[in-house]
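Read the structure below first, then the notes.
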Amino acid sequence: MSSTPPKLVLCVIDAMAPEMLERAIAAGAAPVLERLVSGGRYVPDCVAAFPSVTPVCAASIVTGASQDEHEIPGMNWFHREEHRYVEYGSSFRAAQRFGIARQLTDTVYNMNRAHLSQQTPTVFETLDDADVRTAGTTYLMYRGRHRHEPQRDTALTRVASALMRHSVMGPRELFYADVFASQRTGCRSGLGMPGVRDRHSGCVSAYMVEHDLFDFLLLSLPDNDWYSHKRGPEAQVHSIGQADLQLARVMNAAGGVEEFLSEHAVIAMADHSQAPVTATIALQDELADLGVLGPVRSSEGASDAEPRIAVCPSQRAAMVYALHESERDAMRASVVTRTLAIDGIDLVLWLERDAHDAPREGVIASARHGELRFAPGGAGGDVTDPRGLSWSVEGALAAIDGTIEDGRLLSPAYPDALARSWTALTCRTSGEVLLSAAPGFEFIDWGRQAHVGGGSHGSLHASDSLGALVLHGVALGGHESSQWAIRDVAPLVLRHFGLDPSR
Ligand SMILES: [Zn+2]
């Protein structure tokens, strides 16, 4: 084995489904990814966060933490301190309901500056502190140590240029849509519209390779997710091929694939997968008589009743928050009873607390199979999960299609079910009740949009949760897991540059 290459590219191909990657390779549509798989390590079952949606997963990828620490709980969530919804862009119509300006400000600025916990440094921040030359293309998470001023001379719409006036802290080289660009590359992002974003990432990355501008690059290729939402997961064979073309473009800037790989380790990965959608759940309507807070406080609510809950759809997952602390437990019980009866809801999850309000146990309930109660077990746990964590469990293992063999808990239909559920439930910014949709179902967002006939993701189920991970030229440093997860990637990146991920 030759020594590891000095530089590292972390390429996130949004929603890349393992089976579709394999088909694209078999069809000859993804020659660069094929080269990485054949010469490296291919993991076909890298587990996403729960909810398996992009903001939560992106935060886990760049911090190596789950949301109990990084605090980004969903695509849409309720900000208790500010008493308002946060919407990161479920759809254009959903953004309109909350206000385009509000949605853009939350996504471009607040997500990194205010919502992502300061206690969980990103790989950019840690590498910047070690003087590694960092770089990033347009990605939800960009927080680093270098200041960037917005561009003044690009084709931003008037509304966007009025909003995007503030500087941000990012990696040393940052290219974010048409808003931030640390070099004059001549590359245009077309306002960051779907379908042209991969080309912008490829263009600026090729420029950076040509001019030797980074040691670590986060290369984001998001269009596969958009294409798969629209046309269904099967169509990824085409969009993974398109992503592969951009990888080839970046590598050709170094003189070719082999020349590039001699200088760069590569991690190519999905943040989550996608499953087909055939039906919707209108949770806002189903819970209307409990009193649902509408998108904008001053306008009409979602229901006639006085608002007592906030409803936060995140594609194939959703959260419900009790608005009044005094009735939190009673409201949670009402929401649990109702949601268990809704067609298309697979799992209902909540947290039981002790007399001091500390988390006591999590509950995963299914209408068909009953309740599974669980808590981190420490030394006295009953079972060990595939990642080696110990748990106490009681009740219906069938809720997660689980079995116990020789003290080991297996739940392949709901991978890493207990750790993902526990970190979601104990996240400070999560709702009181978490929901995971049944196969085929998606929660309509606040713009009443869903992806019927296409694909989506968000659930605890394997179909949304298992993404592709390819490691090429990356030293594993003894890290071997029988169940890889997206939160394993940030430590690999830090170790590549000689840093201790535990610090
Ligand atoms: Zn998506």
Side-chain angles (χ1 to χ4, degrees), residues 7-40 42 54 135-139 175-178 181 185-211 213-214 217-271 273-274 455 467-473:
K7 302 175 191 175
L8 174 65
V9 174
L10 170 56
C11 176
V12 181
I13 300 175
D14 201 315
M16 179 165 65
E19 193 190 341
M20 298 307 140
L21 170 62
E22 290 158 27
R23 275 202 226 168
I25 287 174
V32 176
L33 288 164
E34 179 178 18
R35 170 70 184 80
L36 296 175
V37 167
S38 65
Y42 172 50
T54 300
T137 70
T138 315
Y139 193 57
F175 299 89
Y176 188 105
D178 284 319
T185 59
C187 305
R188 286 280 170 264
S189 89
L191 303 176
M193 295 304 278
V196 295
R197 296 176 298 181
D198 283 10
R199 268 183 275 155
H200 179 250
S201 292
C203 183
V204 297
S205 300
Y207 180 95
M208 285 190 279
V209 169
E210 247 167 62
H211 294 81
L213 293 174
F214 66 84
L217 166 65
L218 194 158
L219 167 59
S220 169
L221 299 174
D223 285 337
N224 180 64
D225 181 65
W226 164 77
Y227 198 77
S228 180
H229 274 301
K230 209 169 127 182
R231 303 192 181 221
E234 304 265 320
Q236 287 193 20
V237 174
H238 171 75
S239 44
I240 289 172
Q242 295 297 301
D244 197 273
L245 286 176
Q246 296 306 323
L247 273 172
R249 177 184 190 176
V250 175
M251 295 189 180
N252 286 336
V257 174
E258 299 311 319
E259 289 82 351
F260 184 87
L261 293 178
S262 69
E263 280 288 298
H264 302 82
V266 179
I267 301 174
M269 69 183 296
D271 46 356
S273 190
Q274 276 207 19
L469 168 66
V470 187
L471 305 164
H472 191 283

message: Taking Val204's backbone N and O only, do any of them form a donor-acceptor pair with Thr185's side chain (distance below 3.5 Å, no angle check)?
response: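 No: the side chain of Thr185 does not pair with the backbone of Val204.
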- prompt: Backbone N or O of Val266 within a donor-acceptor pair of the His472 side chain at under 3.5 Å?
  reply: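 Side chain of His472 to backbone of Val266, a donor-acceptor pair under 3.5 Å: no, none is there.
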query: What ring-ring contact (aromatic ring centres under 6.0 Å, His included) pairs are there with at least one residue in residues 7-36, not counting sequence neighbours?
result: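 ring-ring contact (aromatic ring centres under 6.0 Å, His included) check on residues 7-36 returns no pairs.
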- request: Would you mind listing every ring-ring contact (aromatic ring centres under 6.0 Å, His included) that reaches into residues 231-256, with sequence neighbours excluded?
  value: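 Counting only pairs at least two positions apart or across chains, the ring-ring contact (aromatic ring centres under 6.0 Å, His included) contacts touching residues 231-256 are Tyr227-His238.
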Counting C-beta onward and ignoring hydrogens, is there a side-chain heavy-atom pair between [X] and [Y] closer than 4.5 Å?
X: His200; Y: Thr137; value: no
X: Ile267; Y: Cys11; value: no
X: Val37; Y: Ile25; value: yes
X: Tyr139; Y: Leu219; value: no
X: Leu21; Y: Tyr42; value: yes

query: Residues two or more places apart in sequence or in another chain: which of them pass side chain to side chain contact (heavy atoms under 4.5 Å, CB included) with Ala15?
result: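 Residues passing side chain to side chain contact (heavy atoms under 4.5 Å, CB included) with Ala15: Asn224, Asp225, Gln236, His272, Gln274.
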Which pair of non-hydrogen atoms, one from [X] and one from [Y], has the smallest distance, and what is that distance?
X: Gly467; Y: Ala270; result: CA-CB, 3.9 Å
X: Lys7; Y: Phe214; result: CD-O, 3.5 Å
X: Leu10; Y: Met269; result: CD1-SD, 3.7 Å
X: Leu33; Y: Ala268; result: CD2-CB, 4.0 Å
X: Ala253; Y: Ala206; result: CB-O, 3.5 Å
X: Tyr207; Y: Leu213; result: CE2-CD1, 4.0 Å

Suppose we screen for side-chain hydrogen bond (donor to acceptor under 3.5 Å, both in side chains). Which residues come up paired with [X], at least two apart in sequence or across chains?
X: Arg249; result: Gln246
X: Ser220; result: none
X: Ser205; result: none
X: His264; result: none

Salt bridge (charged side-chain N to carboxylate O under 4.0 Å, His left out) partners for [X], two or more places apart:
X: Arg199; answer: none
X: Glu210; answer: none
X: Asp223; answer: Arg197
X: Arg23; answer: Glu19, Glu234

message: I need the full list of salt bridge (charged side-chain N to carboxylate O under 4.0 Å, His left out) pairs touching residues 237-247, with sequence neighbours left out, sorted by first then second residue.
response: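 Not a single pair qualifies under salt bridge (charged side-chain N to carboxylate O under 4.0 Å, His left out).
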message: Nearest 0.5 Å, please: how far is SG in Cys203 from CG in Asp198?
response: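 Output value for this atom pair is 12.5 Å.
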